[in-house]
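Data block below; observations after.
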Amino acid sequence: ASVLNSNDVFVLSYDITTYVWYGKGCSSLEMKVGDYIATTIVNKSAPMLGIHEGAEPAQFWALLGGKEEYADSVTLATADPIYPARLFHVSNAKGYIAIEEIVDFAQEDLIEEDVIILD
């Protein structure tokens, strides 16, 4: 249960039932993709039960090993990033591939003609 995230959709397939859990912050596209995965990829013959965050049946939590804390809108809003963002410039101008980190980057560092990686 701790892997759930209020901004996502999760598919749980067990035995003859497939649950699609819709977090409060998920988009309509994510809901459609979750439904598609549940009915097309996971188990075509199992009935699909769509459940919205906050309206989970007891069996759903039991299959996940019990209800636990997970990333919800409150924890997501207050969570600090583990690592700061880093920007890298990739170039082959010298005849070989070179990767250079750009420190204290800004929008102007994003060069359209080059490869830039944001991590």
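No hydrogens, no waters, no symmetry mates; every other heavy atom, side chains included, goes into these values. Keep in mind that what you see is a predicted model, and the values were worked out from it rather than measured.
- Rounding to the nearest 0.5 Å places OH of Tyr96 at 9.0 Å from OG of Ser91.
- To the nearest 0.5 Å, atom CE of residue Met48 and atom OG of residue Ser13 are 12.0 Å apart.
- Note on Ile102: it does not cluster hydrophobically with Ile117, by side-chain heavy-atom contacts below 4.5 Å among ILVMFWY residues.
- Under the 4.5 Å side-chain heavy-atom criterion for grouping Ile, Leu, Val, Met, Phe, Trp and Tyr, Tyr36 is connected to Val11 within one hydrophobic cluster.
- A donor-acceptor distance shorter than 3.5 angstrom exists from the side chain of Glu56 to the backbone of Gly54, with no hydrogens or angles considered.
- Between Asp119 and Phe88 there is a side-chain heavy-atom pair separated by less than 4.5 Å.
- Using cut-offs of 30° and 60° on the angle between ring planes, the pair Tyr19 and Phe60 is perpendicular.
- Between Leu64 and Leu4, some side-chain heavy-atom pair lies under the 4.5 Å cut-off.
- In this structure the side chain of Leu87 reaches within 4.5 angstrom of the side chain of Leu110, judged on heavy atoms.
- In this structure Asp114 satisfies the side-chain hydrogen bond (donor to acceptor under 3.5 Å, both in side chains) test together with His89, sequence neighbours excluded.
- Grouping the Ile, Leu, Val, Met, Phe, Trp and Tyr side chains by contacts below 4.5 angstrom, directly or via other members, places Ile37 with Leu29.
- In this structure, Glu53 contributes its side chain and Lys24 its backbone to a donor-acceptor pair below 3.5 Å.
- Side-chain heavy atoms closer than 4.5 Å link hydrophobic residues (I, L, V, M, F, W, Y) into clusters, and following such links, even through other members, never connects Phe105 to Val115.
- At a threshold of 4.5 Å between side-chain heavy atoms, the hydrophobic network of Ile, Leu, Val, Met, Phe, Trp and Tyr places Val90 and Ile116 in two separate groups.
- With a 4.5 Å cut-off on side-chain heavy atoms, Val33 and Val9 do not count as touching.
- The minimum heavy-atom distance between Leu118 and Ala85, with the atom names listed, is CD1-CB, 4.1 Å.
- Put simply, the side chain of Phe10 reaches to within 4.5 Å of the side chain of Asn5, judged on heavy atoms.
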